[in-house]
Asker: 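The structure under discussion is supplied below as structure tokens; questions concerning it will follow.
Here the structure is a predicted model, which means the values were calculated and not measured.
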Amino acid sequence: MPGRTIDDAEGAAALQAVVGGATDRASVATAVRWTLQRLAEDVPGNSVEVRVPPFAAVQAVPGPRHTRGTPPNVIETDATTWIALATGALRWDDASVATKVSASGSRADLASFLPVRTTV
């Protein structure tokens, strides 16, 4: 994940605050970035780009590397949905059916990688 690596204690605290109801931009941004960071660490690869605008995007999932233009496998969602997916409060299939995520490409399915590892 480009940029600053978020310390696990800082990320876990922000995630706990957001799950507890915090809506301030700093907490939400840190929680989103940290859970995306954890996904990229635990499922390294470059075949799927996961985007949670305006906060962050990471590449993850083993497979063919993408280097130019729009990646062939893209997942995009909002911060609230991402936090719910990352913590297991929302299942991937339920989010997909409810069109809370936009997923394009043959590898754009995170069901087997969620929830992300959020314990420190």
Side-chain angles (χ1 to χ4, degrees):
M1 177 173 192
R4 176 177 85 88
T5 299
I6 297 169
D7 175 75
D8 286 337
E10 178 186 358
L15 181 61
Q16 184 176 16
V18 170
V19 168
T23 59
D24 62 284
R25 184 175 173 85
S27 294
V28 173
T30 300
V32 166
R33 291 176 181 140
W34 182 66
T35 52
L36 285 171
Q37 173 184 304
R38 297 303 290 259
L39 175 71
E41 290 170 357
D42 292 346
V43 191
N46 295 37
S47 69
V48 177
E49 185 165 291
V50 182
R51 301 173 180 168
V52 182
F55 300 112
V58 296
Q59 290 190 355
V61 184
R65 181 173 178 81
H66 168 75
T67 57
R68 290 165 51 94
T70 302
N73 301 288
V74 176
I75 294 167
E76 188 167 319
T77 192
D78 62 274
T80 302
T81 301
W82 172 250
I83 294 296
L85 287 166
T87 60
L90 177 63
R91 290 185 42 233
W92 176 261
D93 294 341
D94 295 336
S96 295
V97 168
T99 64
K100 292 184 175 206
V101 294
S102 170
S104 62
S106 61
R107 295 178 177 267
D109 182 340
L110 295 179
S112 60
F113 308 117
L114 296 172
V116 298
R117 181 176 49 91
T118 58
T119 56
V120 290

Asker: So which atom in Trp82 and which in Thr77 form the shortest heavy-atom distance, rounded to 0.1 Å?
Answerer: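 What the structure gives for the nearest pair is CB-CG2, 3.8 Å.
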Asker: Answer whether the closest heavy-atom distance between the side chains of Val50 and Val61 falls below 4.5 Å.
Answerer: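 Side chain of Val50 against side chain of Val61, heavy atoms only: no contact under 4.5 Å found.
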Asker: Restricting to side-chain contact (heavy atoms from CB on, under 4.5 Å), what partner residues turn up for Thr30, sequence neighbours left out?
Answerer: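 Thr30 satisfies side-chain contact (heavy atoms from CB on, under 4.5 Å) with Ile6, Glu10, Ala14 only.
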Asker: Going by distance alone, is a donor N or O of one side chain under 3.5 Å from an acceptor N or O of the other, for Thr81 and Asp78?
Answerer: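 Per modelled atom types, Thr81 and Asp78 side chains form a pair under 3.5 Å.
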Asker: Determine yes or no for a side-chain-to-main-chain donor-acceptor pair under 3.5 angstrom, with Asn73 supplying the side chain and Ser47 the backbone.
Answerer: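 Between the backbone of Ser47 and the side chain of Asn73 there is a qualifying donor-acceptor contact (under 3.5 Å).
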Asker: State the OG1-CH2 distance between Thr5 and Trp34, to the nearest 0.5 angstrom.
Answerer: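 Those atoms lie 13.0 Å apart.
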Asker: Atom CG in Leu90, atom CG in Leu85: separation rounded to 0.5 Å?
Answerer: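 One gets 4.5 Å once the value is rounded to the nearest 0.5 Å.
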Asker: Would you please test Arg38 and Asp8 for side-chain contact (heavy atoms from CB on, under 4.5 Å) and show each step?
Answerer: CA-CA 9 Å; Arg38 297 303 290 259; Asp8 286 337; 3.2 Å; yes
Asker: Spell out, yes or no, whether Val116 and Phe113 are grouped together once hydrophobic residues are joined by side-chain heavy atoms under 4.5 Å, including indirect joins.
Answerer: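 In one cluster: yes.
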Asker: Go through the structure and list residues passing salt bridge (Lys or Arg N to Asp or Glu O under 4.0 Å) with Arg117, not counting sequence neighbours.
Answerer: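 Arg117: salt bridge (Lys or Arg N to Asp or Glu O under 4.0 Å) contacts with Asp42.
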Asker: Using the test side-chain contact (heavy atoms from CB on, under 4.5 Å), find all partners of Pro53 that sit at least two apart in sequence or belong to another chain.
Answerer: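 Pro53 satisfies side-chain contact (heavy atoms from CB on, under 4.5 Å) with Arg51, Glu76 once adjacent residues are dropped.
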Asker: Only counting residues at least two apart or in another chain, list the ones meeting side-chain contact (heavy atoms from CB on, under 4.5 Å) with Ala89.
Answerer: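 So Ala89 forms a side-chain contact (heavy atoms from CB on, under 4.5 Å) with Ala84, Thr87.
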Asker: I'd like to know if Val19 and Leu36 are part of one continuous hydrophobic network [Ile/Leu/Val/Met/Phe/Trp/Tyr, side-chain heavy atoms within less than 4.5 Å].
Answerer: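 Both belong to a single hydrophobic cluster.
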Asker: Output every pair passing salt bridge (Lys or Arg N to Asp or Glu O under 4.0 Å) with a member in residues 96-116, not counting sequence neighbours, ordered by first then second residue.
Answerer: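 Found none.
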Asker: Using the side-chain contact (heavy atoms from CB on, under 4.5 Å) rule, take Thr35 and Thr118 through it: C-alpha gap first, then chi angles, then the decisive distance, then the call.
Answerer: CA-CA 7 Å; Thr35 52; Thr118 58; 4.3 Å; yes
Asker: Restricting to non-hydrogen atoms, name the atom on Ala40 and the atom on Ala60 that form the minimum distance, rounded to 0.1 Å.
Answerer: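 Taking every non-hydrogen atom into account, CA-CB, 4.2 Å.
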Asker: If the condition is side-chain contact (heavy atoms from CB on, under 4.5 Å), which residues does Asp24 pass it with, not counting sequence neighbours?
Answerer: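 For Asp24, the residues satisfying side-chain contact (heavy atoms from CB on, under 4.5 Å) (neighbours in sequence not counted) are Ala22, Ala26, Ser27.
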Asker: Does Trp92 reach the side chain of Ile75, with side-chain heavy atoms less than 4.5 Å apart?
Answerer: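 Side-chain contact under 4.5 Å: yes.
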Asker: Would a single hydrophobic cluster contain both Val58 and Phe55, if residues Ile, Leu, Val, Met, Phe, Trp and Tyr are joined by side-chain heavy-atom contacts under 4.5 Å?
Answerer: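 They do share one cluster, since a chain of ILVMFWY contacts under 4.5 Å joins Phe55 to Val58.
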